[in-house]
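First comes the structure, then the notes that go with it.
Residues take their numbers from the sequence shown, with the count starting at 1. Each ligand, and each atom within it, is numbered from 1 in the order the structure gives.
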Amino acid sequence: MKKEDCIFCKIAGGEIPSKTLYEDDRFRVILDLGPAARGHALILPKEHAENLYELPEETAAAVMVLAKRMAAVMRDRLNCDGLNLIQNNGEAAGQTVAHFHMHVIPRYKEDNQKIGWVPRETPPEELEALKEQITFTKTEV
Ligand code: AMP
Ligand code: ZN
């Protein structure tokens with residue numbers, strides 16, 4: 001299903017033109033208009049899902065397979081030195097477009113780009129409490 005007024009639904013469906021690198025019945029892969037590095041691409045499912053929570057599991061699995069294949073294309077054709085997969089969910093995590101997308105970002109030794117976080121000091125008792133809070137078993141997922 002497409003969502004009215006969703007720009008990525010329109011791009012994925014071909015209503016809005018894009019620099020398309022790949023398309024099949026489930027996905028369109030486009031170049032990001034504001035790239036972090038040369039060749040920064042986005043995997044867009046054609047079915048609307050706002051984020052990872054809403055994404056069907058089969059689609060989630062297929063996204064990772066496609067990302068893996070794209071990684072080889074990027075390495076072979078762009079000669080990149082590395083690659084980031086990034087996927088943001090919710091405003092707090094930096095999501096600006098409310099249609100699931102996976103960033104595939106080729107990286108170069110001299111790209112002067114920063115993608116990362118500031119490591120925080122965490123006392124051992126906090127780590128232990130966190131472990132208790134979010135340890136899960138196979139039956140819970
Ligand atoms: P996020 O912050 O994870 O939601 O990422 C949204 C990404 O979409 C950003 O990297 C934008 O540069 C990119 N973007 C937004 N609009 C377009 C568009 N019309 N075509 C291509 N990329 C877009
Ligand atoms: Zn959408």
Side-chain angles (χ1 to χ4, degrees), residues 1-124 126-141:
M1 281 284 286
K2 291 194 177 2
K3 186 166 183 254
E4 273 296 303
D5 299 327
C6 171
I7 185 165
F8 278 4
C9 277
K10 291 195 169 85
I11 291 174
E15 285 170 60
I16 295 179
S18 62
K19 296 290 183 210
T20 295
L21 307 181
Y22 172 83
E23 185 184 5
D24 62 22
D25 53 333
R26 282 186 297 182
F27 299 106
R28 183 184 293 269
V29 176
I30 66 168
L31 282 179
D32 194 298
L33 278 186
R38 202 163 65 89
H40 181 165
L42 302 172
I43 299 176
L44 310 181
K46 291 186 174 179
E47 289 277 308
H48 180 86
E50 187 166 326
N51 50 40
L52 188 63
Y53 302 106
E54 286 189 3
L55 195 70
E57 286 194 351
E58 304 73 47
T59 310
V63 166
M64 192 51 86
V65 172
L66 184 52
K68 176 175 170 51
R69 292 178 182 171
M70 283 174 63
V73 172
M74 300 291 193
R75 180 195 58 201
D76 296 346
R77 307 246 192 112
L78 294 175
N79 214 19
C80 55
D81 303 307
L83 183 127
N84 293 116
L85 293 183
I86 296 178
Q87 199 279 305
N88 301 321
N89 297 283
E91 210 179 317
Q95 185 176 13
T96 59
V97 180
H99 175 125
F100 175 96
H101 49 282
M102 176 73 85
H103 296 262
V104 180
I105 309 178
R107 299 299 303 277
Y108 309 90
K109 281 180 187 143
E110 312 298 339
D111 66 19
N112 280 326
Q113 188 55 264
K114 278 200 179 66
I115 298 173
W117 58 88
V118 181
R120 296 153 66 101
E121 290 269 322
T122 310
E126 195 179 321
L127 281 179
E128 181 58 28
L130 266 171
K131 182 184 81 80
E132 292 298 321
Q133 195 177 355
I134 57 180
T135 292
F136 57 91
T137 62
K138 205 169 179 183
T139 53
E140 290 172 293
V141 295

**Report entry** Step-by-step side-chain contact (heavy atoms from CB on, under 4.5 Å) determination, Glu132 to Glu128
**Finding:** CA-CA 6 Å; Glu132 292 298 321; Glu128 181 58 28; 3.3 Å; yes

**Report entry** Derivation of the side-chain contact (heavy atoms from CB on, under 4.5 Å) call for Leu83 and Met70
**Finding:** CA-CA 10 Å; Leu83 183 127; Met70 283 174 63; over 6 Å; no

Report task. Would you please test Phe27 and Val63 for side-chain contact (heavy atoms from CB on, under 4.5 Å) and show each step? Result -> CA-CA 8 Å; Phe27 299 106; Val63 166; 3.6 Å; yes

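Thr59 places none of its side-chain heavy atoms less than 4.5 Å from the side chain of Arg26. Between Tyr108 and Asn79, the closest side-chain pair of non-hydrogen atoms is not below 4.5 Å.
A donor-acceptor contact shorter than 3.5 Å links the side chain of Asp111 to the backbone of Gln113. When atom types are taken as modelled, the side chain of Gln95 and the backbone of Glu50 share a donor-acceptor pair closer than 3.5 angstrom. Side chain of Glu54 to main chain of Asn51: no donor-acceptor pair is present (N/O by atom type, distance under 3.5 Å, no hydrogens or angles).
Protein residues with a heavy atom closer than 4.0 Å to ligand 1 are Ile7, Phe8, Ile11, Ile30, Leu31, Asp32, Leu33, Gly34, Leu42, Asn88, Gly94, Gln95, Thr96, Val97, His101, His103, listed by chain and number.
Atom NZ of Lys2 sits in a crowded spot, with more than 12 heavy atoms from other residues, nucleotides or ligands closer than 6.0 Å.
Here the Zn ion (ligand 2) has protein N, O or S atoms under 2.8 Å from it, and they come to 4.
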